[in-house]
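Here it is: the structure, laid out below.
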Amino acid sequence: MLYTMKIMVGAFWVILAAIYVIFSYCITERYVGGDQVFYRQFYDFISTENLLSAVSSQKSFVGSNEPLYATIMWFGAALGFPKDIYVSVLNGVLLLALVVVLRNYKVHTMMLLLVLSNYYLLVLLTGAERLKIAFLFLLLAMTTKSRWRVLFLTAAPASHYQTLINFISISMPALAKRAVVSSGNSRLGWRGALFAEILALAIVGCFGVALFAFGGTVISKVYYYTARADISFSALAVSVVLFVAGTYVSRRKARFMFMLAPCVVLVAILGPDRMNMVTFIMFFYALMTDGKVNHPIVYLPMVYLSFKSIGYVDSVFDVGHGFRV
């Protein structure tokens with residue numbers, strides 16, 4: 001009986017995955033506006049170019065220079081796969097890795113279904129192409145403890161530099177703990193030791209970004225989003241609500257607060273357009289790894305974001321992109 005149930009559950013997820021990949025193809029095929037105009041031009045261009053040309057020409061098409069993104073897209077283009085089919089295959093792998101991670105952390109089936117209908121997941125599957133590949137590598141890293149884990153973690157920022165923010169956020173609780181432990185040997189006390197840890201991390205991070213960014217692409221993007229940032233209370237409301245709600249729900253409250261604090265600060269600096277997604281992902285990750293993601297309070301933003309995805313899909317089919325004004 002138990003064996004039969006396992007087969008039925010496995011069959012359910014296989015069927016759901018197939019339906020999701022087909023849906024992914026349908027919506028990806030219709031997403032032809034916005035930034036996808038340039039991503040489609042880039043894919044068509046590299047289909048007849050060599051790998052070196054694909055990597056070097058990426059910036060002129062999509063304004064970024066992460067080498068692994070160009071490499072992965074060149075592989076599909078060079079083999080002659082239509083872009084929508086190739087991206088849908090990547091979406092399928094992302095979905096599979098996501099379900100494996102959620103099941104490993106015992107996320108309730110209802111919560112899992114809300115994740116699969118989440119607004120931000122749909123954005124990853126369609127418009128946020130480089131970020132999708134980066135998060136695919138992060139999810140793959142979470143499914144293994146072998147040497148591949150280091151490779152996947154390295155591949156993530158090589159696909160999109162934004163994942164460095166996730167690395168910093170995840171590292172913050174450990175840095176805080178080290179600061180408290182080392183404060184006994186420091187004249188600065190734990191606050192001073194923590195500040196020293198954060199300052200050191202920031203310096204190393206800046207040099208790392210500068211090393212990665214051939215020609216200062218990351219710095220120019222930071223300047224662009226900073227210039228456009230809305231630092232009003234309404235712009236900060238989403239991140240503040242997630243911060244307060246998550247702190248209330250979490251078991252390890254200090255861990256959660258340190259993990260989400262960099263995201264809240266960056267929302268104020270870079271604006272909510274980019275950072276709200278990062279903040280939400282860190283909110284969900286922190287509670288999932290704390291065993292509290294199935295809390296009733298967490299269902300509130302999840303249900304809201306699933307409803308929000310309806311308008312996103314309608315916009316894609318109506319105007320060719322998901323951000324109809």
Side-chain angles (χ1 to χ4, degrees), residues 24-91 94 119-137 155-165 209 212-229 270-278 312-313 315-325:
S24 166
Y25 173 75
C26 292
I27 192 172
T28 300
E29 185 183 35
R30 294 294 190 96
Y31 203 118
V32 295
D35 289 345
Q36 277 300 309
V37 172
F38 307 108
Y39 282 94
R40 289 179 180 276
Q41 291 174 355
F42 175 63
Y43 193 84
D44 291 339
F45 174 78
I46 63 177
S47 63
T48 57
E49 300 293 319
N50 58 42
L51 177 57
L52 184 60
S53 175
V55 173
S56 62
S57 62
Q58 177 182 328
K59 185 176 181 179
S60 62
F61 280 92
V62 299
S64 68
N65 55 14
E66 296 94 339
L68 194 53
Y69 166 76
T71 301
I72 291 173
M73 298 309 291
W74 173 83
F75 184 76
L79 290 176
F81 289 109
K83 182 178 184 294
D84 296 326
I85 293 178
Y86 186 58
V87 169
S88 295
V89 171
L90 294 176
N91 286 344
L94 175 72
Y119 165 76
Y120 289 126
L121 180 60
L122 289 179
V123 172
L124 282 179
L125 297 180
T126 52
E129 200 162 282
R130 288 178 294 124
L131 195 58
K132 178 229 314 292
I133 294 175
F135 274 105
L136 171 57
F137 284 121
S159 301
H160 200 308
Y161 300 131
Q162 185 173 308
T163 52
L164 291 172
I165 298 174
V209 168
F212 261 102
F214 321 118
T217 300
V218 171
I219 296 174
S220 64
K221 282 183 175 292
V222 169
Y223 178 79
Y224 171 76
Y225 286 111
T226 302
R228 296 175 67 244
L270 301 177
D273 291 347
R274 283 278 176 164
M275 284 306 303
N276 274 350
M277 177 191 285
V278 179
Y312 182 84
V313 172
S315 178
V316 171
F317 280 89
D318 187 27
V319 300
H321 61 83
F323 304 101
R324 177 172 46 196
V325 178

Please tabulate, for side-chain N and O atoms in residues 121-129, each donor-acceptor pair with protein atoms closer than 3.5 Å (sequence neighbours left out).
from: Thr126; atom 1: OG1; to: Leu122; atom 2: O; distance (Å): 2.6
from: Thr126; atom 1: OG1; to: Tyr312; atom 2: OH; distance (Å): 2.5
from: Glu129; atom 1: OE1; to: Gln36; atom 2: NE2; distance (Å): 3.2
from: Glu129; atom 1: OE1; to: Lys83; atom 2: NZ; distance (Å): 2.6
from: Glu129; atom 1: OE2; to: Tyr69; atom 2: OH; distance (Å): 2.6

*CD1 on Ile85 to CG on Asn91, rounded to 0.5 Å*: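 Going from the CG atom of Asn91 to the CD1 atom of Ile85 covers 13.0 Å.
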
*Passing candidate, ring pair (Phe, Tyr, Trp, His ring centres under 6.0 Å) with Phe61, options Phe38, Phe45, Tyr39*: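 Of Phe38, Phe45, Tyr39, ring pair (Phe, Tyr, Trp, His ring centres under 6.0 Å) with Phe61 is met by Phe45 alone.
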
_Intermediate values then yes/no, side-chain contact (heavy atoms from CB on, under 4.5 Å), Leu131 and Met277_ = CA-CA 11 Å; Leu131 195 58; Met277 177 191 285; 3.5 Å; yes

_I want to check something: taking the side chain as every heavy atom from C-beta on, are Tyr86 and Ile72 in contact at a cut-off of under 4.5 Å?_
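Yes, their side chains come closer than 4.5 Å.
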
*asked:* Looking at every non-hydrogen atom in both residues, tell me the closest pair between Ile133 and Ser159 and how far apart they are.
replied: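 Smallest interatomic distance, heavy atoms only, reads CG2-OG, 3.6 Å.
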
*asked:* Minimum heavy-atom separation for Tyr161 and Pro67, please, with both atom names.
replied: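 The pair with the smallest heavy-atom distance is OH-CD, 4.4 Å.
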
*Roughly how far, to the nearest 0.5 Å, is the OG1 atom of Thr71 from the CG atom of Leu52?*
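Here the rounded value is 10.0 Å.
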
_For Phe75, is the CZ atom crowded, meaning more than 12 foreign heavy atoms sit under 6.0 Å from it?_
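No, because the 6.0 Å sphere around CZ of Phe75 holds 12 heavy atoms or fewer from other groups.
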
*For Asn50, does its backbone N or O pair with a side-chain atom of Ser53 as donor and acceptor, under 3.5 Å?*
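Answer holds: no.
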
*Which heavy-atom pair separates Glu66 from Pro157 by the least distance, and what is that distance?*
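Nearest heavy atoms, Glu66 then Pro157: CG-O, 4.1 Å.
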
*What distance separates Gln41 CD from Ser60 OG, expressed to the nearest 0.5 Å?*
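One finds 10.0 Å between CD of Gln41 and OG of Ser60.
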
*Kindly give the heavy-atom pair with the smallest separation between Ile165 and Met275, and that separation in Å.*
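Shortest heavy-atom contact: CD1-SD, 3.9 Å.
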
*Taking C-beta and beyond as the side chain, do Ile27 and Val313 meet within less than 4.5 Å on heavy atoms?*
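When only atoms from C-beta onward are counted, Val313 and Ile27 do touch, with a gap below 4.5 Å.
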
*Please report the closest heavy-atom contact between Gly33 and His321, naming both atoms and the distance.*
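Minimum heavy-atom contact is C-CB, 4.0 Å.
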
*Might you point out which heavy atoms bring Ala70 and Gln58 nearest each other, and give the distance in Å?*
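Looking at all heavy atoms of both residues, the closest pair is CB-OE1, 2.9 Å.
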
*Exam field: side chain Trp74 to backbone Glu49, donor-acceptor pair closer than 3.5 Å*: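 Checked: pair present.
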
_Check: Ser47 side chain, Ala77 main-chain N or O, donor-acceptor pair, under 3.5 Å_ =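 Here the side-chain-to-backbone pair does not exist.
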
*When you check the side-chain N and O atoms of Asp84 and Tyr43, is any donor under 3.5 Å from an acceptor?*
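Per modelled atom types, Asp84 and Tyr43 side chains form no pair under 3.5 Å.
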
*Looking at OG of Ser315 and CZ of Phe317, how far apart are the two atoms once the value is rounded to the nearest 0.5 Å?*
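These two atoms lie 11.0 Å from each other.
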
*I would like to know whether Phe137 and Thr163 meet side-chain contact (heavy atoms from CB on, under 4.5 Å); could you show each step before the answer?*
CA-CA 10 Å; Phe137 284 121; Thr163 52; over 6 Å; no

